Number of protein chains: 2
Amino acid sequence: MSHPSSEEQRLRAEVTRLRAQVAALEAAAKPGLPAVSPLAPKGGFPDLPPVAGVRLAAAAAGVRYKGRDDVMLAYLAPGTAMAGVTTRSATRSACVLDCEDKLHLTGHDAEGAAIVVNAGNANAFTGDNGRKSVAAITEAVGATLGVPAERVFSSSTGVIGEPLPHDRITAALTQMKDGLQPRNFRAAAEAIRTTDTFAKGAGVTLDLGGEQVSIAGIAKGSGMIAPDMATMLVYIFTDARIAQADLQILLRDLTDRSFNCITVDSDTSTSDTLLLAATGQRGPVLTPGTEAHDSFREGLLKVMTDLAQQVVRDGEGATKFIEIRVTGAASDSEAAIVGRSIANSPLVKTAVAGEDPNWGRVVMAVGKAGVTADRDRLSIRFGDVLVAEKGWVASSYREADGAAYMKNPELVIGVDLGLGDGQATVWTCDLTHAYIQINADYRS
Amino acid sequence: MSHPSSEEQRLRAEVTRLRAQVAALEAAAKPGLPAVSPLAPKGGFPDLPPVAGVRLAAAAAGVRYKGRDDVMLAYLAPGTAMAGVTTRSATRSACVLDCEDKLHLTGHDAEGAAIVVNAGNANAFTGDNGRKSVAAITEAVGATLGVPAERVFSSSTGVIGEPLPHDRITAALTQMKDGLQPRNFRAAAEAIRTTDTFAKGAGVTLDLGGEQVSIAGIAKGSGMIAPDMATMLVYIFTDARIAQADLQILLRDLTDRSFNCITVDSDTSTSDTLLLAATGQRGPVLTPGTEAHDSFREGLLKVMTDLAQQVVRDGEGATKFIEIRVTGAASDSEAAIVGRSIANSPLVKTAVAGEDPNWGRVVMAVGKAGVTADRDRLSIRFGDVLVAEKGWVASSYREADGAAYMKNPELVIGVDLGLGDGQATVWTCDLTHAYIQINADYRS
């Protein structure tokens with residue numbers, strides 16, 4: 001047996017090297033999407049406080065996904081006040097219409113209530129079958145938990161236009177009833193994910209009138225996020241004691257300051273729903289104008305803002321979290337329009353993705369917004385860097401400073417219109433190749 | 001000298017094969033953008049008719065690009081009526097403001113006129129320097145060609161916020177004056193390109209009152225295209241005889257039916273300008289209400305629609321040309337809002353890029369538009385394929401039919417709202433990785 005020649009040895013090493021190079025190039029050609037958004041909150045799902053009168057469960061009903069939970073059930077004790085806001089989309093889903101009807105009913109607060117949510121199928125644009133599925137699910141939940149169907153609120157999220165196999169959900173109800181537990185927020189949040197890369201939760205504990213009151217919420221959302229009119233799927237629970245009418249007013253007001261300030265892709269979902277359940281088991285009665293109501297309001301806004309920002313942090317393909325602060329507008333509403341015009345501009349979002357301090361595109365987005373603006377009074381800041389003022393690039397601005405700032409994963413774009421006191425803040429993310437990758441073949 | 005062993009020969013062949021594989025993978029990892037849009041009109045730049053009283057020239061002034069023409073000059077004979085529409089952006093550029101001022105001037109029609117356009121620098125958001133550059137250029141053009149500066153219209157397209165080196169343009173004027181030629185449309189169209197992958201031109205010859213009248217136009221535009229308010233850079237020339245006031249009314253009306261029906265990326269430019277020069281050297285006087293005026297109107301609309309569609313066909317990264325036909329709306333304006341909501345939806349545009357017949361996203365985009373719509377009266381067609389009706393997927397619909405249709409490079413998405421007689425057509429393109437690639441590092 002002859003020894004391999006030195007030439008053979010050299011060629012073998014070359015083949016090994018080239019094979020490794022081919023493998024690396026092939027892997028790079030099919031980039032895996034990140035398992036978890038790089039903008040996810042550090043530390044994972046938060047430790048949420050228990051909310052008296054709330055128990056949750058999740059189950060794998062096999063609606064669409066395999067091998068994971070896809071339904072959550074929340075049981076709410078008798079005496080719970082329910083408030084909610086839903087999308088104003090003209091093509092909103094059967095479960096959204098059903099929630100709207102039920103939120104307008106009053107006089108049932110003495111009885112228990114429930115929320116049931118599935119992921120994988122939105123039950124939207126499913127005609128009369130959609131209504132039938134909602135009725136079947138809410139009636140089965142009512143019968144299982146011993147609450148009136150009028151107090152069972154349902155949501156569905158996922159593909160639009162396919163019939164919902166609601167029998168798979170109702171078949172899982174007994175198992176979920178047996179699994180109901182307090183503090184089961186994480187399992188519930190995991191179960192309602194679709195393209196979300198992480199489960200979203202936020203909570204606070206407040207001292208109201210010497211008693212400890214909890215607020216805990218969960219949310220899902222990643223794409224089709226532009227809740228200009230309402231919000232995505234969000235469920236917030238509190239054991240505070242507050243009248244339904246006051247709760248509803250508070251929720252609508254705070255939605256405008258939290259979920260209505262975010263956008264991922266300017267596309268508004270058919271299924272956006274935010275429900276807030278107050279079980280009334282802790283603390284003083286919260287009457288508007290009191291100090292306790294103010295504290296509750298502040299705590300609730302904190303939870304809602306946290307959840308809203310988590311949805312942006314999980315924006316499809318996002319690599320940058322962007323806060324757009326508009327000041328000096330003629331009014332708050334004009335400031336919000338300018339903020340949204342910048343946040344939804346694909347040219348601004350791609351520039352941020354490319355870490356390009358392309359402030360000219362911010363100028364463009366202000367200009368197209370259609371509200372009062374004066375080119376020569378406008379100033380733009382990237383973080384603390386003054387970029388443009390008085391109708392031109394700032395004399396102090398150095399492109400290197402702007403470029404260095406854009407490398408940050410969290411950016412603040414400040415725009416002052418120099419006209420009045422109107423202001424607004426909008427949160428958004430960048431537009432990357434991964435957004436195209438996720439959405440060009442979502443159904444395949 | 002020994003023969004190479006068979007093992008050596010095998011290894012050499014393997015090395016050769018692997019090297020080729022590495023080269024192919026490396027090439028695929030850095031995809032070149034297509035040199036010319038796959039949606040470009042077949043046959044290249046059209047053979048445009050001569051327009052009496054119009055001469056054009058182009059030059060390489062080195063404003064930003066190297067080794068290519070980047071300035072065009074058009075000389076218009078005495079007697080030319082000038083009409084125009086410009087962007088309503090609140091941050092519109094110095095040259096747009098200057099054009100607006102000059103379009104409002106009257107009484108100069110007896111004198112010659114000129115149009116000068118540069119590519120590479122938009123002279124937008126350049127403060128007082130912007131105004132000075134426009135004055136320097138238009139005065140120099142006026143002096144060179146012997147026309148009043150009030151009759152010199154300028155445009156600039158390219159990067160926003162950088163000072164325009166206008167001396168490079170004025171230095172090229174004498175050369176351009178000497179190079180002025182009739183029918184030089186193609187050179188002019190080439191000179192004003194930025195990210196455009198092909199030069200855009202369209203023309204017709206009409207028989208008006210027994211005399212031949214020409215209309216020839218050129219355009220540039222590829223990204224930052226959502227001329228909801230006006231249009232991008234377009235210059236149309238005709239030797240027809242028509243009063244300035246009538247020309248202006250006609251142009252505004254036809255803009256709403258052509259350039260205002262397109263969108264590439266929902267971002268409206270700071271520089272959109274459409275100028276129409278009628279030299280008055282051919283045919284009868286075109287008085288509104290006459291048959292000749294109607295024929296002219298029809299020919300002009302044809303040229304404008306052709307140019308508008310060419311801009312969409314050159315949409316950044318486009319691989320699909322999409323016509324969105326909305327019918328059955330409560331009014332034409334509501335139909336246009338719905339059409340634009342679909343055309344600007346990133347989720348609809350990425351679905352088309354992925355050849356996914358995802359009609360659920362069309363439903364979503366109708367729903368978010370904010371106009372009257374009834375989910376259960378809505379019907380959706382992809383080409384001739386009825387996809388959805390009466391609030392759900394059509395019973396005749398087969399996913400394979402939808403998927404096969406989406407493979408076409410030219411698509412028609414039909415939406416009937418089932419409410420009234422309102423209708424609108426919007427033209428757009430898909431949203432692809434190449435759009436991200438082009439815009440995430442435009443300035444670098």
Side-chain angles (χ1 to χ4, degrees), chain A residues 5 7-8 11-12 14-15 18-19 21-22 25-26 28-29 89-92 124-127 129 159-161 223-224 265-270 345-347 350-351 353-354 356 358-360 363-368 373 375-376 388 390-393 431-433 436 439-444, chain B residues 5 7-8 11-12 14-15 18-19 21-22 25-26 28-29 89-92 124-127 129 159-161 223-224 265-270 345-347 350-351 353-354 356 358-360 363-368 373 375-376 388 390-393 431-433 436 439-444:
Chain A
S5 70
E7 179 63 4
E8 260 181 59
L11 285 166
R12 284 226 171 88
E14 179 74 357
V15 165
L18 284 166
R19 280 189 182 148
Q21 199 177 349
V22 166
L25 284 164
E26 280 180 343
S89 165
T91 55
R92 54 201 186 275
F125 212 69
T126 45
N129 291 52
V159 173
I160 295 172
M224 208 180 271
D265 54 9
S266 79
D267 276 342
T268 300
S269 163
T270 52
S345 160
L347 288 171
T350 48
D356 174 6
N358 193 328
W359 56 272
V363 172
M364 175 280 298
V366 172
K368 76 166 179 167
R375 198 190 53 176
D376 295 339
K390 295 174 193 156
W392 205 18
V393 64
L431 173 59
T432 68
H433 281 291
I436 308 286
N439 286 302
D441 58 0
Y442 175 53
R443 298 205 309 174
S444 56
Chain B
S5 70
E7 179 62 6
E8 255 181 66
L11 286 165
R12 284 222 173 91
E14 179 72 1
V15 164
L18 284 165
R19 281 188 180 146
Q21 199 177 350
V22 165
L25 283 164
E26 281 180 344
S89 165
T91 55
R92 53 202 187 276
F125 212 71
T126 44
N129 291 54
V159 174
I160 296 172
M224 207 179 274
D265 54 8
S266 80
D267 276 341
T268 301
S269 163
T270 53
S345 160
L347 289 171
T350 49
D356 174 6
N358 194 329
W359 55 273
V363 172
M364 175 280 299
V366 172
K368 74 165 181 168
R375 198 190 52 173
D376 297 338
K390 297 174 191 156
W392 204 18
V393 63
L431 173 59
T432 67
H433 281 291
I436 309 286
N439 286 302
D441 57 1
Y442 175 54
R443 297 203 311 174
S444 57

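Bear in mind that the values here come from a model prediction, so they are computed numbers and not experimental data. Every chain is numbered from 1, with letters handed out A, B, ... down the list of sequences.
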Note: B:Ile160 and A:Met364 closest approach over all heavy atoms is CD1-CB, 4.4 Å

Counting only heavy atoms closer than 4.5 Å, note whether B:Arg12 contacts chain A via side chain, backbone, both or neither.
both

Interatomic spacing from CD1 in A:Ile436 to CG in B:Leu431 - rounded to 0.5 Å
3.5 Å

So which heavy atom on A:Arg92 is nearest to which on B:Arg375, and how close?
O-NH1, 3.4 Å

Which atoms form the tightest heavy-atom contact between B:Leu18 and A:Val15, and what is the distance?
CD1-O, 3.8 Å

For A:Glu8 and B:Leu11, which heavy atoms make the closest approach, and how far apart are they?
O-CD1, 3.7 Å

Under 4.5 Å heavy-atom distance to chain B, tell me which part of A:Arg19 shows up: side chain, backbone, both or neither.
both

Tell me, out of B:Leu347, B:Asn129, B:Val393, who's got the most heavy-atom pairs with chain A below 4.5 Å.
B:Leu347

Here the pair of heavy atoms bringing A:Thr350 nearest to B:Asn439 is OG1-CB, 3.3 Å

Option in B:Ser345, B:Pro346, B:Gly127 with maximal non-hydrogen atom pairs under 4.5 Å from chain A
B:Pro346

Considering only heavy atoms, which portion of B:Ala365 lies under 4.5 Å from any heavy atom of chain A: side chain, backbone, both, or neither?
neither

Considering all heavy atoms of both residues, which atom of A:Ala388 and which atom of B:Phe125 are nearest to each other, and what is their separation?
CB-CE2, 3.6 Å

